[in-house]
Protein chains: 2
Amino acid sequence: MVRKPARSDVKAAASTRKPNMREAILAAAEELFSTYGFNAVSVRDIAQAAGANPGSVTYHFRTKDGLLLEIYRRHCGPMNRRRSELLAAARRVRDLQDRLEAIVRAYVLPAFTSGSDLAGGGTRFTRLRAIMSAEGNEVVRKIIAQTFDDTSHAFIDAIHESLPHIPRTDLVWRSHFLLGALYYTLVTPERVSRLSRGSADGTDAGHAIEELVRATVAALQAAPLDEGAPRKIPAANPGRVVT
Amino acid sequence: MVRKPARSDVKAAASTRKPNMREAILAAAEELFSTYGFNAVSVRDIAQAAGANPGSVTYHFRTKDGLLLEIYRRHCGPMNRRRSELLAAARRVRDLQDRLEAIVRAYVLPAFTSGSDLAGGGTRFTRLRAIMSAEGNEVVRKIIAQTFDDTSHAFIDAIHESLPHIPRTDLVWRSHFLLGALYYTLVTPERVSRLSRGSADGTDAGHAIEELVRATVAALQAAPLDEGAPRKIPAANPGRVVT
DNA sequence: GTCTATATTCAGATAGAC
DNA sequence: GTCTATCTGAATATAGAC
């Protein structure tokens, strides 16, 4: 995906010792951040991986946060656009059960497939988002609230249309669980492989999607807490637990 | 929990300027790690919060990793013991539906209530575990595989007994999703509050547990992927996505 | 406009004072 | 046995060379 320079004259060669150093830095940063987290990776690590000088990173992106910001800018647009497309298509599905499943799929799929360029770009970026939310990065927190909340609301509303008898609040919780499950699967896929004793491959994104969609659709359809069938109060949990 | 010194003579007072500095360091570290993550917090930060000298931390715990290890040692024992107790009780529930719910509750509850001493200790520790799994800390990875896999297997097996017609592999996926949902709720509770437009409080652990249990029980009971009713191949996902 | 050499602050860990 | 003063290396960001 590196654009070949139009002319390879001396001047151009001199001013770009490595073709598109900026892109190389971005790619290296994305790879390292999504693997080790933001805080664990230094600007020096990134520069080294990209074959650049540490200061070169600062020149292109001002700060380490700026670099992260640019990675988000790259991915958020395409990803949310794809989500909107898929959601619009899902809403046109007639059968209610099928529609709900299509909506969930429309939410999950772009997290894996999206990404402007490389194969696995979407997965890598979503993994990065998972790590960033755990690390509580302040820069990212703002981006998320600004960029993703609209999409999240749109999905919750669409789900609510398919399940009008379930209070919106419950659907918020359940779609929140969906995102948590999605993130966790991308962060520690090897745990699935381990606990299944090899009968499942946690890194198989296609399979993960299917399992996640199936589980989520069932969870969304569950009776809400208020109007559920009367249940015994479990001995283990007599009262509410306070944080 | 701070043991009072048997004698408060001059020598004892001199050797302990602050009572139980070791405990103060542990408490400060747990608080900071579970709030900002492991990599974002420096030994100096911890020392300052505990009113200690940075080197004092190294004396008590050798390394920063050692400090983390000790925090895990403190919590894992009580937590898994409580889980075993609750699981044993749950397995004795006769009604299959109720039993399944009790099992899930036995898994989730100790993540909130456990913790040797302070209120919210369990929640704080589980939040820490969530962050650590995202940061991919190598020290923790080993502890988890050693300490938690037995418990996880026990729970999956118990669930499988309640749902024998569902392949164990699917149950592994679904209980994995449970843990992810639990972690994510502890990591970003404010997102629930935001998306619900204030009608839910993400930090209300009691409510979170109820929502999580309800959703998970439904997810666990869903038809497995293999033998589900025949479904249309969704246009959006013609093939498997490769990571 | 792009990158290298350098400055300054701060990290984790040590060796010796109490 | 416990903690303080200090060392060494690495962090981000700058200011100036190309």
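Given the structure is predicted, the values throughout are model-derived calculations rather than measurements. Lettering of chains follows the sequences in order, A, B, ..., and the numbering in each one begins at 1.
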Student: Considering only heavy atoms from C-beta outward, does the side chain of B:Glu210 approach that of B:Arg105 to under 4.5 Å?
Tutor: yes
Student: Specify the closest pair of heavy atoms between B:His153 and A:Leu195, including all atoms of both residues, with the distance to one decimal.
Tutor: CE1-O, 3.2 Å
Student: If every non-hydrogen atom of B:Gly51 is compared with every non-hydrogen atom of B:Met21, which pair is closest and at what distance?
Tutor: O-CE, 3.4 Å
Student: Taking all non-hydrogen atoms of both residues into account, name the closest pair between A:Arg127 and A:Val187 and its distance.
Tutor: NH1-O, 3.2 Å
Student: Can you figure out which of C:dC3, D:dT2, C:dT4 approaches the side chain of B:His60 most closely?
Tutor: D:dT2
Student: Would you kindly compare B:Asn53 and A:Asp65 by the position of their nearest DNA chain D nucleotide and give the one closer to the 5′ end?
Tutor: B:Asn53
Student: As a test of reading the structure: which of C:dA13, D:dA13, C:dC3 is closest to the side chain of A:Ser56, going by heavy atoms?
Tutor: C:dC3
Student: Strictly below 4.0 Å, heavy-atom distances to any atom of DNA chain D: list the hits from residues 40-48 of chain B, or just say none.
Tutor: none
Student: B:Lys64 NZ to D:dA11 P: how many Å, rounded?
Tutor: 13 Å
Student: Whole angstrom is fine here: how far is it from CD in A:Glu23 over to P in C:dC3?
Tutor: 12 Å
Student: Roughly, in whole Å, what's the span from CZ in B:Arg62 to C1' in D:dT2?
Tutor: 16 Å
Student: Taking CG from A:Asn20 and C1' from C:dG1, how many angstroms apart are they, rounded to a whole number?
Tutor: 14 Å
Student: Indicate the ring-plane relationship of B:His176 and A:Tyr184, choosing parallel, tilted or perpendicular according to the 30° and 60° boundaries.
Tutor: parallel
Student: Between A:Lys64 and A:Val43, what is the shortest heavy-atom contact and its length?
Tutor: CG-CG2, 3.9 Å
Student: Specify the separation, in whole Å, of atom CZ of B:Phe61 and atom P of D:dG1.
Tutor: 17 Å
Student: Which of residues 131-140 of chain B have a heavy atom under 4.0 Å from DNA chain C?
Tutor: none
Student: To the nearest Å, how far apart are A:Arg22 CZ and C:dT2 P?
Tutor: 9 Å
Student: Parallel, tilted or perpendicular: which one describes the rings of A:His75 and A:Phe125, with boundaries at 30° and 60°?
Tutor: parallel
Student: B:Ile25 CD1 to C:dG12 P: how many Å, rounded?
Tutor: 14 Å
Student: Any non-hydrogen side-chain atom of A:Ser84 less than 4.5 Å from a side-chain atom of A:Arg81?
Tutor: no
Student: Phosphate oxygens OP1/OP2 of D:dC3: is one of them under 4.0 Å from a side-chain N or O of B:Tyr59?
Tutor: no
Student: Quick check: closest heavy atoms across B:Thr216 and B:Leu178, and the distance to 0.1 Å?
Tutor: OG1-CD1, 3.3 Å
